[in-house]
Every structure is written in C-alpha cells, then in structure tokens.
Protein chains: 2
Amino acid sequence: MNLKQLAAHLGLSQTTVSRALNGYPEVSEQTRIRVAEAARALNYSPNARAKGLATGRAMAIGHVIPISTQHEMVNPVFGDFIAGASEAYLKAGYDMTLSISGDEDEADNYRRLKAKGHVDGIIVHGPKMADGRIPFLRGLDLPFVVHGRASDLDVPYSWIDMNNARAFKRATSFLLDLGHTRIALLNGLEFMDFAYRRRIGYEEALGERGLAPDPALIRGEEMTEPFGYRAAAELLATDEPPTAFLSSSLITAIGIRRAIHEAGLEMGRDVSVLTHDDDLSYLANGRDMPIFTATRSSVREAGRIAAEMLLRHIAEPGRDPETHLLEAQLIIGGSTGPAPKQT
Amino acid sequence: MNLKQLAAHLGLSQTTVSRALNGYPEVSEQTRIRVAEAARALNYSPNARAKGLATGRAMAIGHVIPISTQHEMVNPVFGDFIAGASEAYLKAGYDMTLSISGDEDEADNYRRLKAKGHVDGIIVHGPKMADGRIPFLRGLDLPFVVHGRASDLDVPYSWIDMNNARAFKRATSFLLDLGHTRIALLNGLEFMDFAYRRRIGYEEALGERGLAPDPALIRGEEMTEPFGYRAAAELLATDEPPTAFLSSSLITAIGIRRAIHEAGLEMGRDVSVLTHDDDLSYLANGRDMPIFTATRSSVREAGRIAAEMLLRHIAEPGRDPETHLLEAQLIIGGSTGPAPKQT
DNA sequence: GAGTCACCCCAAAGCGCTTTGAAGTTGGCC
DNA sequence: GGCCAACTTCAAAGCGCTTTGGGGTGACTC
C-alpha cells in the first residue's frame with residue numbers, strides 16, 4: 001500500500017492525501033478524517049526511504065559504539081543508555097541506527113554515515129581524553145552529542161556527562177572522613193576520559209588532606225570482575241594493604257568483594273568498598289539498603305537527556321552547543337565503615 | 001557530492017558511473033578504475049535512501065528489543081549479541097536499526113518497520129513460550145530469525161538457540177552425581193522460553209534419578225543480583241536448605257554467592273553453585289580457573305550466526321527456514337563440590 | 001567497402017514521497 | 001448577476017539512485 005494507491009482508493013490526489021496525513025492546514029477537517037481512517041484501515045504507512053529522500057531528513061539517529069579492540073569488550077552501560085535514548089526517540093518518531101566500529105575506521109564510519117544520509121545526528125559514545133572524533137564531527141556539519149567529554153579538547157561541542165571528578169572527590173573524602181588513608185583506586189582505562197576525571201577527583205580529595213596519591217594503589221584497566229578480584233587480591237596481600245577500595249564499576253566492585261572474602265576479611269568492617277554505580281537495570285545495587293556504598297548516576301537518564309539534546313539541535317540547526325552535567329548521588333550502603341584501628 | 005556531480009566531474013553519464021561503482025561488466029576496466037579513484041578522491045558515497053528506493057533493498061536489519069515493562073529491564077545479553085551480529089553485517093555492508101518496544105505495541109512495531117521499508121529482515125529477541133510475534137512475522141513476508149524458540153508454537157521458522165534443556169539437564173546431573181539431592185533452581189521468568197526449557201532439563205535430570213522436583217526450591221524471576229541474593233538467603237534459612245543452586249544467570253549467581261557468604265557458609269564446600277554463563281565480555285567468569293562451574297555458550301557467537309542466517313535468507317528469498325542449536329559447554333569451576341555429609 | 005560483432009556508453013523512466021504553483025469551487029458582498 | 005477572497009484540491013517537478021532499452025564506435029570478417 002503506497003500513497004498513490006491510497007489516493008486512488010480515496011479518489012483524491014496524492015498531494016491532498018499527503019497533506020492530510022502530515023497535518024497541513026490546507027485540508028478540510030472532514031477530508032483529513034476520511035484520509036486518516038482509510039490509512040489506518042488499509043494499514044498504510046509511508047515509506048521511510050521515499051519520505052527521507054523527499055524531505056532530506058532521515059528521521060534517524062546514529063549511535064556509533066566503539067568496541068575496544070584489545071578486549072573486544074562491549075560497554076555494559078550501553079544497553080541502558082540506549083533504552084533511555086529510545087524513550088526520547090520514540091516520542092519524536094525517530095529511529096535509531098547502530099554501527100559498531102573498531103578504533104581504526106571510526107572517522108570513515110562517520111563520514112559514510114553522513115554521506116549515506118541516513119542519520120540526522122549522532123551520539124558519540126565513550127570519548128577518550130583526546131578524541132579525534134569530536135573535531136572531525138565538528139567539521140562534518142552533522143549535529144552530534146557526546147556522552148562524556150574529551151578533556152584534552154578545547155573546542156565547543158554538545159555533551160552530557162556525569163560529574164566524575166566531583167563524584168570521586170566526594171567518594172574519596174567520604175572514605176577519608178571514615179579514617180581511611182590508604183585508599184586504592186581501581187579505575188577504568190585511563191585514556192578514557194571518565195576514568196581520567198575520576199582519578200583527578202580522587203587525587204584532589206587526597207591533596208586537600210595533604211596526602212599524596214600512592215601509585216602502587218592505583219590501577220586502571222577494563223572494568224571486569226576478574227580485574228577487581230585480581231587487583232584487590234594483590235593489594236590485600238602486600239605489606240601495607242589498603243583499608244578501602246574505590247571502584248569505577250559495580251562489576252569491578254563485585255570482584256573486589258570476592259577477593260576480600262577470600263582473604264578472610266569482611267567487607268564494610270575490615271575493608272571498605274565504595275563504587276560508582278551506573279544504576280543499570282540488570283545490576284541493581286539495592287534501593288533501601290544498597291549492598292555497596294556508591295556514587296550513583298543513572299546512565300539511562302543520561303541517555304534520555306542526550307537524545308533530547310540532540311533532537312533539539314536537529315530541530316534548530318543554528319543552536320549553540322549545549323552541555324549538561326549530572327551530579328551523582330552518594331548512596332550509603334553496607335560496604336563502608338570506619339577504618340580499622342592500626343594494630 | 002552525488003552521482004550526478006560525480007558523473008559531470010568525470011564527463012560520464014550517471015549510468016556508467018553507477019555501473020562502474022557497482023561492478024557491472026558493461027564498463028571497461030579503465031573507466032572503472034578512473035571512476036573508483038574519483039569517487040574516493042571526492043569522498044563520494046551513494047545516498048542510502050535513494051539507493052534503497054531504487055533497488056527496493058534497505059541494506060539494513062532491524063533488531064526489535066522488548067523491554068520488560070514490569071521491570072524496565074534491558075537484557076544484559078543484548079550488547080554482546082549485537083556485537084556478534086554486527087560483525088556479520090559489517091562484512092555484508094548492512095546496517096542495523098534498533099527499535100525498543102514495550103510489550104504492547106510490538107505487532108504494530110513490526111508492521112511499521114516493514115511498511116516503512118527500511119529493513120530487509122528482522123531479528124527477534126527474547127521469545128516467550130507462546131510468542132505472537134512469530135506467527136505475525138510469518139504473515140508479513142519479511143525474513144526473520146529468532147534468537148531462541150517459542151515452545152508453544154508448532155510452525156516452521158528460522159531460529160538459533162542454545163540447547164537450554166540439555167545444558168540444564170547436564171548441569172543438574174552433574175550436581176546429582178556430586179551427591180546433591182536438594183538442588184534449587186533460580187530461573188528466569190518462566191514465560192520466557194529459555195527459562196521454561198531450562199526447567200524442563202532440570203526436571204528431566206531429577207526424574208531420571210527418581211526424584212520429584214520440589215516446588216519450594218524453584219523460583220523464576222528477572223535475573224538480577226538481588227534476586228539471587230534474596231532467594232538464596234531465604235532458601236538457606238529454611239529447615240531443609242538446598243545444598244546446591246542452579247542459576248540461570250551469572251548475575252544471579254553472584255547474588256547467590258553473597259547470600260552464601262552472609263550465611264557464614266563457603267561456596268563450593270558447604271553449598272554448590274552452578275550457573276549458566278553467556279560468556280559476556282564484561283562479565284568474565286575466568287578462563288583457566290572459572291569462579292563458577294557453569295554451562296557456557298557465547299551469546300556473541302549466537303549473534304553472529306543469527307545475522308549470517310538472516311543474511312542468507314534475504315539473499316535467497318525462497319529458502320526454507322533454517323535452525324541452529326548450540327550446545328553449551330560444561331565448565332568446571334570452583335563453585336561446586338560434593339554434597340556435604342548429612343549431619 | 002559493407003556488414004557484423006563486441007564493447008562502451010547514454011537518455012530516460014521509475015522507486016514513493018513532498019512541495020510548488022496553479023486551478024477549481026464556494027460563499028459573501030456590492 | 002458578477003467579482004473577489006477563502007478554501008480545497010490538483011498536476012507535476014524533484015529528491016538521488018538503478019536499470020531498461022537503445023545507440024555509437026571501432027575492429028574484424030568476407
């Protein structure tokens with residue numbers, strides 16, 4: 001069923017039918033209703049390609065998700081982010097196109113995405129500190145919003161980010177207040193911007209108390225459970241083990257917990273753990289009594305906001321870049337407690 | 001840069017340029033090279049919409065992911081599945097469009113997807129036992145492949161599935177061999193087909209040893225960490241606690257582990273845990289010495305195979321439905337051991 | 001030198017929609 | 001009754017590509 005057939009069926013011209021369907025004022029209310037009913041009855045829905053060709057708008061947003069080529073790892077945060085974004089897209093009638101790209105062919109990927117013309121805008125995931133994609137996209141005349149920031153870049157662009165530095169500064173201060181001084185940081189890969197900022201926050205908090213960060217206590221890797229386990233096990237086995245762990249991911253924290261238990265210690269009493277919590281739907285940390293004390297910020301909400309920002313920019317092409325900083329909540333759970341007395 | 005401009009630039013007709021680019025034989029090798037070089041130099045890449053309109057093929061696959069409306073949960077398996085599928089799409093030059101749909105508007109979603117004509121095929125995620133989407137799609141003349149099966153349906157369609165029944169039967173038998181008789185099953189929601197099949201496998205294994213399943217030991221919920229924790233804690237607190245847990249998800253198993261520790265017991269000695277492991281990139285269970293004894297089957301590989309199947313069906317429309325059953329490996333880890341002696 | 005192939009290449013139609021510019025129809029007013 | 005404005009509706013062009021059905025050109029035969 002296409003426009004032509006529908007128009008023929010109604011005894012109207014394509015123009016009128018098209019206008020009726022798209023809410024143009026030049027059509028009488030009566031005709032509009034008649035058209036709308038016929039469209040529904042005959043199960044007509046306009047061909048998106050043709051529509052796109054004619055209007056120049058694709059009514060689709062591209063998400064390019066980079067897969068870390070070293071570890072072939074898919075960011076676990078992705079599903080929830082997408083779910084949030086799609087709420088916004090759904091309302092606005094936009095589709096979502098995904099491309100997964102290794103690190104190398106990214107630029108090309110974007111260029112193609114644009115040339116092929118099937119997206120009106122792009123969401124950039126997982127920015128690195130110096131992310132080449134951003135200047136590249138700026139030159140491309142395609143609206144985009146970055147989920148995160150690129151610290152090394154000093155050009156304007158739209159982003160939404162969690163206040164990583166602040167969150168980790170607060171988290172570190174919280175642990176310091178409890179008397180911990182040897183606080184390990186199990187971070188993500190530090191060329192990732194979020195990880196870099198978290199470390200900054202951590203160091204700032206230490207600095208304010210006159211403490212120098214101990215490189216031996218800081219690790220940055222892909223945030224898996226085994227990483228948390230291995231790192232925590234190693235650190236706990238040293239002469240001067242940390243009394244608290246700061247983790248960049250709930251998954252890593254779970255690994256830390258395992259190592260703690262295996263060392264015959266108790267989390268929250270002998271060793272404290274504070275983790276960031278992206279509030280993922282399948283990895284709940286508990287609402288009333290969270291397992292882990294955590295800095296919490298919903299990635300899903302970030303997705304929704306990012307999508308809304310992007311849609312605004314598509315609607316108003318001249319618009320200045322827009323930024324949005326989310327503050328994480330500090331949620332007190334059962335995994336932290338006062339530093340154990342020196343023995 | 002579009003075809004017309006490129007053709008003008010080369011002093012050729014659009015036809016010739018198009019043919020040269022698409023590898024038709026009517027073009028001299030020399031012209032072809034000249035065209036290809038110009039295209040690259042001018043950064044030309046054909047407009048996907050126009051191409052789609054002209055050819056009738058969208059060069060895109062639709063993934064419709066249902067979000068459980070009750071829990072607003074995104075399937076954690078999704079990211080890895082997609083990553084696998086996109087390997088296949090990339091090679092074949094296909095794109096991937098995502099739509100997220102609540103349970104209600106699914107049929108409509110598919111119909112629209114087809115009418116709008118921007119996908120050539122669909123991957124169906126998360127089938128339920130009686131899944132209305134399958135008969136619906138069969139009537140739609142749009143190739144599709146289901147990730148999983150719908151047990152209540154007796155119509156032919158293409159699917160790829162893990163042998164859930166077999167895996168859980170083996171897992172249960174393994175635990176029975178170790179002397180466990182009270183084995184709890186912490187399953188997914190049992191209207192989901194995979195969960196249903198897993199339960200069947202579990203019951204079969206018990207049946208072969210003349211044991212009847214104890215309803216008190218069986219739970220089916222959304223597979224979160226808190227679910228595993230809560231269920232295990234409750235069950236361990238009963239008069240006749242289970243000596244082993246069979247879990248449908250690594251995440252749930254992590255919750256079980258927490259409950260076991262909290263009860264002052266040791267996993268693998270006092271209580272055994274055997275879980276299914278989808279081999280997710282961010283939730284590694286360990287390679288050489290896995291934490292959990294597990295039935296392992298890579299969801300990422302399933303994604304790749306599903307995509308390849310679908311592409312085949314798109315290429316050869318007449319093709320009969322094709323099915324693919326993956327067998328899970330049984331991986332021995334540290335979470336299982338002989339049933340403790342009765343006291 | 002005319003006829004016959006290959007070999008290249010082209011003009012134009014068509015995919016399904018939007019949108020421009022114009023035309024037909026009404027009703028109201030002088 | 002005639003004219004204008006307002007309201008509806010329409011035909012046709014155009015979005016960027018593929019593809020059909022022709023044609024032109026040169027080399028090769030007889």
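A note on names: the letters A, B, ... follow the listed sequences, proteins ahead of strands, and every chain is numbered from 1.
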Exercise answer: donor-acceptor pairs, residues 35-43 of chain B side-chain atoms, under 3.5 Å, sequence neighbours excluded:
none

Could B:Glu308 and B:Arg312 be called an ion pair, given the rule that one side-chain N must be under 4.0 Å from one carboxylate O? no

Counting only heavy atoms from other residues, nucleotides and ligands, does the tally under 6.0 Å from CZ of A:Arg319 exceed 12? yes

Does B:Arg49 reach the main-chain N or O of A:Lys51 with its side chain, forming a donor-acceptor pair under 3.5 Å? no

Residues which pass side-chain hydrogen bond (donor to acceptor under 3.5 Å, both in side chains) with A:Thr16, listed by chain and number, not counting sequence neighbours: A:Ser13

Minimal non-hydrogen separation, [X] against [Y], with atom names:
| X | Y | value |
| --- | --- | --- |
| A:Ala150 | A:Lys128 | CB-O, 3.4 Å |
| A:Met309 | A:Ser158 | CE-CB, 4.0 Å |
| A:Ala88 | A:Leu311 | O-CD1, 3.8 Å |

Are there any protein N/O atoms within less than 3.5 Å of an N/O atom in nucleotides 9-11 of chain D, and if so, which ones and at what distance?
unit_1	atom_1	unit_2	atom_2	d
D:dT9	OP1	A:Thr31	OG1	3.4
D:dT9	OP2	A:Thr31	OG1	2.9
D:dC10	OP2	A:Ser13	N	2.6
D:dC10	OP2	A:Ser13	OG	3.2
D:dC10	OP2	A:Thr16	OG1	2.9
D:dC10	N4	A:Arg19	NH1	3.0
D:dA11	N7	A:Thr15	OG1	3.3
D:dA11	N6	A:Thr15	OG1	2.6

Between [N] ([atom2]) and [X] ([atom1]): distance, integer Å:
| X | N | atom1 | atom2 | answer |
| --- | --- | --- | --- | --- |
| B:Asp120 | C:dC15 | CG | C1' | 15 Å |
| A:Met59 | C:dT18 | CE | P | 12 Å |
| A:Leu21 | C:dT19 | CG | P | 13 Å |
| A:Tyr24 | C:dT19 | OH | C1' | 7 Å |

Close approaches to DNA chain C from residues 44-56 of chain B, in residue order (heavy atom, under 4.0 Å):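 B:Leu53, B:Ala54 - these, ordered by number, are the residues of the stretch whose heavy atoms sit under 4.0 Å from the strand.
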
Can you list, by residue number, the residues of residues 2-10 of chain B that have a non-hydrogen atom closer than 4.0 angstrom to DNA chain D? B:Asn2, B:Leu3

Run the salt bridge (Lys or Arg N to Asp or Glu O under 4.0 Å) test against B:Glu87 and tell me which residues pass, sequence neighbours left out. B:Arg300

In terms of relative ring orientation, are A:His63 and A:Phe81 parallel, tilted or perpendicular, with 30° and 60° separating the classes?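 Answer is perpendicular, since the angle exceeds 60°.
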
